[in-house]
Structure formats: structure tokens, C-alpha cells
Amino acid sequence: MKQPLIIANWKSHKTQSAVEAWLDAFLKVELPSQPEVVIAPTFVHLPAVAERLTNSSIRLGAQDASPFPMGSYTGEINAEQLADLGVEYVLVGHSERRRYFHEVTADIAQTAEQVILNGMKPVVCLDEPDIEQQAAAMDDSLFEKCVFAYEPISAIGTGDHEPVDEVQRVKAKIKQHFGDVPVIYGGSVDLQNIAEYLLVSDGALVGTASLKPASFAQIVAASYAA
Ligand code: PGA
């Protein structure tokens, strides 16, 4: 990946008016056309964000998708519906999905496959202990169609970010199992550490520091400079 991929993961935050206010502030900032910036709001906010991103180089992301195709699966939002809204990237297997919603490697593999079948890019999130099992659960012909995110659980939302040399070591391990795929880092990324993470990764998945438009804009600007 040539330009860093910087993804804002808003998780289950924000009301409609907060989303509009964030976009009002963020879209006013003059940002370089690189890196590749993705905003991943909740499902319910996707249409509003999609509309505001028309004519912008910022991409739309979703935080998950159903492992099933269109059909009788009450409560699910499928990959075809996401693609239809203009979504280009889908987070798959985030540790919060694994932990609170009991998603297992087989579900995650099936979701990644649905995302790919519908022409979008899965961002497969992994902590180090997930790597081998996740690789075994996925069809290897799909690996090259994914982005991988190394997300150590201990660093997510804690401010306790991972040492850069650890990111480099685990990135090598991910590549050993999945091939020469892009690997981004997520876990307490902020303006102070983004530049060093980009020295050893292909981008960042930003949670807490993406919730305020000014701090996310600063991270994007610093990624361009990196
Ligand atoms: P954080 O979240 O930036 O708040 O640590 C990252 C993530 O969960 O992807």
C-alpha cells in the first residue's frame, strides 16, 4: 500500500446531530488528498455520512457486516446492502465483536468473504493470539484481498499503546501467515504516536482520537507528513 490508510472507527458513539457537527468541522479542514482516509460510523449513520462525503476523497467504512448474504436473518445488515450505500471498507472481527458478541474465527472468515464478494475491502482485525486460527479459518485465495489490522487488546481504548518494535514483530508474523498483505496498527493511536507507527505499518485504525474532528484532522495531516 503506497499511501497510509487511516480509519476513524466511531464504534457505538454519536447521535445524528453529533455526526453532522463532526462532519461540519472536519470537512472544513483542508486536508491533503493523501493518505486514504476512511470514516466508519454506526450502520444507522451510514446514509447521512455517505451523502456528506459525495465529492470528497474520504471513503465510507462500516464496522461490521453480516456473515450471511441477503435473506431471512432478522437484525442483520448484509454486505450487499453496505456496498449499495457506497461503503468501501468493512471492519471485520474487531476485538470488541469477538469479546462482547462472541464472534469466532469462522464467523469472521465468512463475513470477510461476503465483504469481498460484494466488492469491498475487509479490514480483518487481529490480536497476536488470533493470527494462526484466523488464517486457518479463511480461504487463502482471499488473503490478498484483505487489509489486516494488528490490534493488541491491551492497547485498545486504554492509552497504553504498543511499543513500535512489537508492532513490527507482529506485522512480520501476520505476513508470515497471510502473505505480503497491508498491515495497519490500532490501539491508542494519537497525534503523538502516529508518525512512529507509520514507520512500521501501512496505516492506523483510530478509535478514541477520531471522535473529535480536530484531533482526527491532526492525525490525518501528520500521516501525510510521515
Ligand atoms: P482506540 O481504539 O484508538 O480508542 O484505542 C482503536 C480500535 O479499537 O480500533
Side-chain angles (χ1 to χ4, degrees), residues 1 4-14 18-19 22 26 35-43 45-46 49 58-65 87-103 105 107-108 111-112 115 120-131 134 146-164 166-167 170-171 174 181-223 226:
M1 193 182 295
L5 174 65
I6 309 294
I7 305 176
N9 175 13
W10 287 351
K11 308 191 178 184
S12 194
H13 288 283
K14 301 192 185 298
V19 167
W22 192 100
F26 189 75
E36 177 123 327
V37 178
V38 179
I39 299 175
T42 64
F43 290 132
H45 296 134
L46 282 169
V49 176
I58 299 166
R59 317 292 174 122
L60 190 61
Q63 298 173 17
D64 194 19
V87 168
E88 293 181 65
Y89 290 87
V90 182
L91 305 183
V92 171
H94 189 281
S95 61
E96 290 154 10
R97 302 295 317 168
R98 294 177 193 256
R99 177 172 174 200
Y100 300 117
F101 304 96
H102 314 294
E103 286 186 10
T105 48
D107 307 320
I108 293 159
T111 302
V115 168
M120 300 173 290
K121 187 71 100 181
V123 178
V124 181
C125 304
L126 301 157
D127 193 356
E128 190 175 0
D130 304 317
I131 296 175
Q134 195 60 65
C146 301
V147 170
F148 291 83
Y150 169 46
E151 293 233 312
I153 291 173
S154 59
I156 294 178
T158 56
D160 193 10
H161 55 88
E162 186 80 342
V164 170
E166 273 295 282
V167 176
V170 180
K171 178 177 96 171
I174 291 173
V181 290
V183 180
I184 67 174
Y185 168 75
S188 300
V189 170
D190 60 22
L191 181 60
Q192 275 64 52
N193 59 37
I194 181 72
E196 49 174 0
Y197 284 127
L198 291 182
L199 293 175
V200 298
S201 73
D202 299 300
L205 184 49
V206 188
T208 311
S210 74
L211 295 177
K212 294 215 169 90
S215 71
F216 189 60
Q218 284 174 320
I219 288 172
V220 171
S223 309

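Basis for what follows: all heavy atoms, side chains included, without hydrogens, waters or symmetry-related copies. In each ligand, atom 1 is the first atom listed, and ligand 1 is the first ligand listed.
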| note | Scanning both residues in full, the closest heavy-atom pair of A112 with V92 reads N-CG1, 4.2 Å

| message | Less than 4.0 Å is my threshold; does some heavy atom of H94 fall inside it relative to ligand 1? | response | yes

| note | Nearest heavy-atom approach of V123 to A149 is CG1-CB, 4.0 Å

| request: Look at K121 together with E88 and state whether they make a salt bridge at an N to O cut-off of under 4.0 Å. | output: no

| message | Please report the interatomic distance SG(C125) to CG(L205), rounded to the nearest 0.5 Å. | response | 5.5 Å

| task | Please state which part of A155 comes within less than 4.0 Å of ligand 1, counting heavy atoms only: side chain, backbone, both or neither. | result | backbone

| task | Apply salt bridge (charged side-chain N to carboxylate O under 4.0 Å, His left out) to E103 and R98, showing your working. | result | CA-CA 4 Å; E103 286 186 10; R98 294 177 193 256; over 6 Å; no

| said: Looking at every non-hydrogen atom in both residues, tell me the closest pair between P182 and C146 and how far apart they are. | reply: CD-O, 3.7 Å

| said: Any nitrogen or oxygen of G157 lying under 3.5 Å from a nitrogen or oxygen in ligand 1? Just yes or no. | reply: yes

| Counting from 1, what ligand 1 atoms have a heavy atom of T208 closer than 4.0 Å? | 1 (P), 3 (O), 4 (O)

| task | Could you tell me which atoms of ligand 1, counted from 1 in the order shown, lie closer than 4.0 angstrom to a heavy atom of K11? | result | 2 (O), 7 (C), 8 (O)

| said: For ligand 1 and E151, I'd like to know whether there is a polar contact (N/O to N/O, distance under 3.5 Å). | reply: yes

| Test of proximity, T158 against ligand 1: N or O pairs below 3.5 Å | no

| message | Please list, in number order, the atoms of ligand 1 under 4.0 Å from a heavy atom of G187. | response | 5 (O)

| Residue pair E162 / Y150: nearest heavy atoms and the distance that separates them | OE2-OH, 2.8 Å

| said: Taking only non-hydrogen atoms of G207, do any sit less than 4.0 angstrom from ligand 1? | reply: yes

